[in-house]
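First comes the structure, then the notes that go with it.
Along the sequence shown, residues carry numbers from 1.
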Amino acid sequence: ITGLAVLRDADTTRLAVLKDDRYAPFSAPPHTGEEAGVYLYELRAGRLIDAGHLPLPRRGELAALPIAERLLDCDLDGDGRRDLVAGLTGNTGASAREREPHAAVFRQRPGGGFDRVVLGVHPLACVQLDDDVADELVVRGLGPDAQAVWALGVGDTPVPPRVDAAPPAP
């Protein structure tokens, strides 16, 4: 487990738990560990109830098996529903290019489901920088822009759009 976040919406409280596959399983096949991703647990009557799983990008969507570094919660579009941002890097056996960070952004839909978009940036923080209701996502660039820092979502442009921008599998 590499990250935790508490999502408090108007009528629910959920715990988000980020898990990756960085360690090889100790058991012989078939391995019994849970799939990498964000696991959601809803707080009901003092108990945590399984409320779903949001898968991380898989090999083929990214150049290497993603290793989860952090989990941020924010409201990227100001709709009052909490969104999640998972910071990912490639596994340590990958080439330098394959180890570049990415952000898996899970935007919450009305009704509680999530849409995923993968961004080629390194997420640093979710903050409120201007006077609108949407949070901004502070990111670092990649490659030659690795030292550049941007605040996405400042002003009237919500970021990222609500689509799954993951590339098709080869």
Inset, instruction - Find out if a path of hydrophobic residues (ILVMFWY) with successive side-chain heavy-atom gaps under 4.5 Å connects Leu71 to Phe114. - result: yes
Inset, instruction - Please tell me if the side chains of Asp83 and Asp77 come closer than 4.5 Å, counting only heavy atoms from C-beta onward. - result: yes
Inset, instruction - Would you please name every residue forming a side-chain contact (heavy atoms from CB on, under 4.5 Å) with Val133, sequence neighbours left out? - result: none
Inset, instruction - Mind checking the CG-CD1 spacing from Asp20 to Ile67? Nearest 0.5 Å is all I need. - result: 5.0 Å
Inset, instruction - May I have all residue pairs that pass salt bridge (Lys or Arg N to Asp or Glu O under 4.0 Å) and include part of residues 6-18, sequence neighbours excluded? - result: Asp9-Arg14
Legend entry - Taking every non-hydrogen atom, the tightest pair across Val85 and Ala103: CG1-CB, 4.1 Å
Legend entry - Result of checking Gln108, Arg107, Arg109 against Asp115 for side-chain hydrogen bond (donor to acceptor under 3.5 Å, both in side chains): Arg109
Legend entry - Flag side-chain contact, heavy atom, 4.5 Å: Leu84 against Leu40: yes
Legend entry - Rounded distance (nearest 0.5 Å) linking atom OG1 of Thr12 with atom CZ of Arg82: 12.0 Å
Inset, instruction - Sorted by first residue and then second, give each salt bridge (Lys or Arg N to Asp or Glu O under 4.0 Å) pair with at least one member in residues 36-47; sequence neighbours left out. - result: Glu42-Arg44
Inset, instruction - Under the salt bridge (Lys or Arg N to Asp or Glu O under 4.0 Å) rule, collect the residues that match up with Arg70, sequence neighbours excluded. - result: none
Legend entry - Distance, nearest 0.5 Å, that separates CG of Leu137 from CG of Leu72: 7.0 Å
Legend entry - For Ala134, all residues meeting side-chain contact (heavy atoms from CB on, under 4.5 Å), sequence neighbours excluded: Asp132
Inset, instruction - Quick one: closest heavy-atom pair of Pro123 and Val139, and the distance? - result: CA-CG1, 4.1 Å
Legend entry - Residue pairs fulfilling side chain to side chain donor-acceptor pair (under 3.5 Å) with at least one residue in residues 136-153, sequence neighbours excluded: His122-Arg140
Inset, instruction - Calculate, to the nearest 0.5 Å, the distance between atoms CG and CG belonging to Leu152 and Asp135 respectively. - result: 12.5 Å
Inset, instruction - For Asp75, check side chain to side chain donor-acceptor pair (under 3.5 Å) against everything at least two apart and list the hits. - result: none
Legend entry - Sequence-distant partners of Glu69, salt bridge (Lys or Arg N to Asp or Glu O under 4.0 Å), two or more places apart: none
Legend entry - Side-chain (His102) to main-chain (Ala86) donor-acceptor, under 3.5 angstrom: no
Inset, instruction - Quick one: name the residues clustered hydrophobically with Ile1, using the 4.5 Å side-chain heavy-atom rule over I, L, V, M, F, W, Y, and just say none if it's on its own. - result: Leu4, Val6, Leu15, Val17, Tyr39, Tyr41, Leu43, Leu48
Inset, instruction - Could you pull out the closest heavy-atom pair between Ala68 and Leu56, with the gap in Å? - result: CB-CD1, 4.3 Å
Inset, instruction - Say whether, by atom type as modelled, one donor and one acceptor occur between the side chain of Asp73 and the main chain of Ala5 under 3.5 angstrom. - result: no
